[in-house]
Structure formats: C-alpha cells, structure tokens
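Naming: A, B, ... by sequence-line order, numbering from 1 per chain.
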Amino acid sequence: SQTIHQWPATLVQPVGSPLSLECTVEGTSNPNLYWYRQAAGRGLQLLFYSVGIGQISSEVPQNLSASRPQDRQFILSSKKLLLSDSGFYLCAWSVGTSGAYNEQFFGPGTRLTVL
Amino acid sequence: RKEVEQDPGPFNVPEGATVAFNCTYSNSASQSFFWYRQDCRKEPKLLMSVYSSGNEDGRFTAQLNRASQYISLLIRDSKLSDSATYLCVVWVGGYQKVTFGTGTKLQVIP
C-alpha cells in the first residue's frame, strides 16, 4: 500500500530564516506530487506540482521554491521566511496520468509558524 | 468572483438531523467535482465524487447542477463523527490541478 510522509510535523521559525520541508511517498512509482498551503480560515492553495523528477510547475509567485531530486521525494524550501508564510503545508500525491482526475492523497502536513 | 465558493458555516445541527451544503463554481468548463472531508488539524481526505446523475454513498448524497454551476452535499441522520470541514473541489481538466473551496464547517451536537 502507498504511504506519504511529511516532516517535521510542527515548526516555529523566525522571520528571515530558511525553510526546508520534506515529503516522501512509498509504494508507488512516478507519482504526481503537490505542495499546498492552507492559511488560517482559507482554502488550500496549490503552490507547486511535479509530474516527474526535476519537473516543477509553480502556481503562485512567492519566496518559496520546490525541488524533486528523486521520484518519490518532494522538497519545499525558502531562503528567507516571511510572516505570511505561516500556515499548514500539505504534500499530496496522485497517480501520474492525465485525461481524468485521480484522487490526491495528502500527507499529515507541517504546521509552520513564522514569528 | 472566486473560482469555488462555499458558505464557511459553522452549521450546528443536532444528531439525527439532515443537513445540506452547497458549493458554487465559476468556470463553466469544469469537468469533475468532489467533496473532501477535513477533520480539525488533519489532512483532507476524499469523501466522494460528484456525478452528473447524482450519487449516493450511505447517508451521503451528492448532486451536480451544471446549469446553475453548483454542487451539493446532503448528509442524512447526522452523527457526531460527521463533525468536520467539508471541502468542495473542482477540476477543470488537464493535469491534476484542482481548486479547493475554503470549506464548510459542520458541528453535530449531541
């Protein structure tokens, strides 16, 4: 069966500090991978998605970046965090085919507070 | 106009009640629709897909109205365990990009 891991679960960081969140998927190959952010009282905002190693699409211009160094590893980074980066960061995966929607399975998330 | 709009609630209903949520979408080219459930401080999970003809899964019924561009979720005989936020999700096609609504919070009261 497939599982998705995210770490850390909780993070408190000062403004201006760097960020690295990691997501790994087990039990599947060549998944589509996604990073979402959910700010308090707001919907899930798609930040990045990837259809393959080294292939990253950015949805929202911001001070965040994503990388996919391995098939089942997705990393979200920032060089300098802003207060507005606080939120609940969710990684998700889906089967990697187009033409129909495939259910996205979410990881447990990282709750980030920037002070 | 937002791509996907939901009443944030909260909807406070007694156990056993029937409750319905609506969700409107702006893109008439939207192809697929879903309801996700998100428990407090947890990740969202797929509850059910929404088909043109309407579909039912136990106490849950989902409907799609393309003419008026909304989908609905009906929950019958509400249970305490139904308390959660229900997210409306819309897919317009292409790669696996979907738009999530902000969610409707349901609180079932004993």
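Classified by interplanar angle (parallel below 30°, tilted 30° to 60°, perpendicular above 60°), the ring pair B:Phe100/A:Tyr36 is perpendicular. In this pair, A:Phe106 and B:Tyr36 present their aromatic rings perpendicular. The plane angle is above 60°, beyond the 30 to 60° band.
Proximity to chain A is limited to the side chain of B:Gln38, based on heavy atoms less than 4.5 angstrom apart. Interface remark: A:Leu44 contributes backbone and side-chain atoms alike to the contact with chain B (heavy atom separation under 4.5 Å). When heavy atoms are compared at a cutoff of 4.5 Å, A:Gln38 approaches chain B solely by way of its side chain, counted from C-beta outward.
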message = Between B:Arg59 and B:Asp82, does the side-chain contact (heavy atoms from CB on, under 4.5 Å) criterion hold? Intermediate values first, please.
response = CA-CA 10 Å; B:Arg59 299 181 292 108; B:Asp82 294 333; 2.8 Å; yes

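Between chain B and the options A:Gly107, A:Gly109, A:Pro108, A:Ala92, the largest number of non-hydrogen pairs under 4.5 Å is found for A:Gly107.
Salt bridge A:Glu59/A:Arg37: absent, no basic N to carboxylate O contact under 4.0 Å.
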